[in-house]
There are 2 protein chains.
Amino acid sequence: MAEDMLTQSIQQLKNHKIRVTPQRQIILTYLVTHHNHPSVETIYQDLETQLPNLSLATVYNTLKLFVDLGIVIELQNGDAGTHYDFFGRPHYHVVCENCGKITDVFEPDLSSVEVKAAEISGYLVTGHNMEVYGLCPDCQKALGVTQPSDLKRLNLNLSHSE
Amino acid sequence: MAEDMLTQSIQQLKNHKIRVTPQRQIILTYLVTHHNHPSVETIYQDLETQLPNLSLATVYNTLKLFVDLGIVIELQNGDAGTHYDFFGRPHYHVVCENCGKITDVFEPDLSSVEVKAAEISGYLVTGHNMEVYGLCPDCQKALGVTQPSDLKRLNLNLSHSE
DNA sequence: GTAGTTGCAAAGGATTTGCATTAAG
DNA sequence: CTTAATGCAAATCCTTTGCAACTAC
């Protein structure tokens, strides 16, 4: 399964006549096997044992390449940098506005929204990115928030909280 | 209508005991009356006649404040900086991957996705942000692309184009 | 062999911060 | 008055770039 995704993505590189370097294979493998929505820095640190001379610039370049190919998508969670996620199956994300945690959600399918958006806007639609914001279960407990009205008590930098 | 939105947003500042300074009023008015999805730099330049001593830092601070209050949302379009949009009525955006243009779409309502995401993830959901990617009508013409299969001919940095 | 990639360091650019000054309530 | 907000400049941090050395094909 993860193997398939990896093989398929490498084939995609070959189709585009993009060289399959060890760096690209290792970063790709990392992304296929980790669902932790890593930042560039996280990927860089996690791979330093496997690739001692790996350059941050290479991580940046490689991720940009993967994003352009549609293999990987970019995410923001309110922290400083950009996070990345292998996009083998369409899904979207729920982001915790308190701790920045990102959770995958595979339902419902939002392709109908793409169709509708194309009709209304006249764009030739190629994809989408959905982010839902909220408080993750852990932060709800930690903050003593269990219903929407509790949010008003908080002086957090929570967006969308009226 | 635009007046209402402005009054309502200013009331929101007062409710939060946030001072209603001329800078905040002018930036808010700008956002309520412009649907051009401006960057910080654009806002800064457009307001320099009205507020000769306006500081870029104030624009940044003010926008961050408005985002935290949920009055305004942030958008990325692939260009360098962040863009902003007054969020008086829920809507989402279609972004051109070639020229960066951003178009508002007010249908369909996606609140049901929030509900579903909350059920699945256990988050207390407060909002969402949907971005649909594609080629705007102008860029379709300019590039001679009229159907999805034409995208394969392009060597552009288009994400999601396989 | 040769064009595309890498690693490194330096450069670039968006955003934030510190602090004295100003002004909202 | 009191405290938050502003403006300015410097600082910070993420990301990109230039270029010589290297390597996938």
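Atom CD in Glu41(B) sits about 12 Å away from atom P in dG13(C), given to the nearest Å. One interatomic measurement links the two molecules: CD1 of Ile26(A) to P of dT5(C), which rounds to 17 Å at whole-angstrom precision. Protein atom OH of Tyr60(A) is 16 Å distant from nucleotide atom P of dT6(C), rounded to whole Å. When rounded to the nearest whole Å, the span between NE2 of His83(B) and P of dA14(C) equals 10 Å. With rounding to whole Å, Tyr44(B) atom OH is found 16 Å from dG13(C) atom C1'. If you measure from atom NZ of Lys14(A) to atom C1' of dG4(C), you get 17 Å, rounded to the nearest angstrom. The distance between atom NZ of Lys17(A) and atom C1' of dG4(C), rounded to the nearest whole Å, is 14 Å. If you take CG of Asn53(B) and C1' of dT21(C), they are 13 Å apart, rounded to a whole angstrom.
Taking the nucleotide of DNA chain D with the nearest heavy atom to each of Val40(A) and Arg19(A), the more 5' of the two is matched to Val40(A).
Side-chain proximity of Leu54(A) to the nucleotides dG25(C), dT17(C), dG7(C) is greatest for dG7(C). For Thr21(B), taking side-chain heavy atoms from C-beta onward, the closest of the listed nucleotides dA24(C), dG7(C), dT17(C) is dA24(C).
Judged purely by atom type and a 3.5 angstrom limit, Thr58(A) has no side-chain atom pairing as donor or acceptor with the backbone of Leu54(A). At least one donor-acceptor pair closer than 3.5 Å links the side chain of Tyr92(A) to the backbone N or O of Glu107(A). Without hydrogens or angle criteria, His34(A) side chain to Val32(A) main chain gives no donor-acceptor distance under 3.5 Å.
Gln140(A) is linked by a side chain to side chain donor-acceptor pair (under 3.5 Å) to nothing, counting only residues two or more places apart in sequence or in another chain. Qualifying ring-ring contact (aromatic ring centres under 6.0 Å, His included) partners for His37(B), counting only residues two or more places apart in sequence or in other chains: His93(B).
Proximity of Arg24(A) to the phosphate of dT5(C): a side-chain N or O atom is located under 4.0 Å from OP1 or OP2.
Note on Pro22(A): only backbone sugar-phosphate atoms sit closer than 4.0 angstrom, heavy atoms only; bases stay farther off. Within the 4.0 angstrom heavy-atom criterion, base atoms lie near Ala57(A).
In summary, the side chains of Tyr133(A) and Asn77(A) do not present any donor paired with an acceptor at a separation below 3.5 Å, with no hydrogens or angles considered. Between the side chains of Gln23(A) and Thr62(A), not a single donor N or O lies within less than 3.5 Å of an accepting N or O.
With a cutoff of under 4.0 Å to any heavy atom of chain A, the contacted region of DNA chain D is bounded 5' to 3' by dC14(D) to dC25(D).
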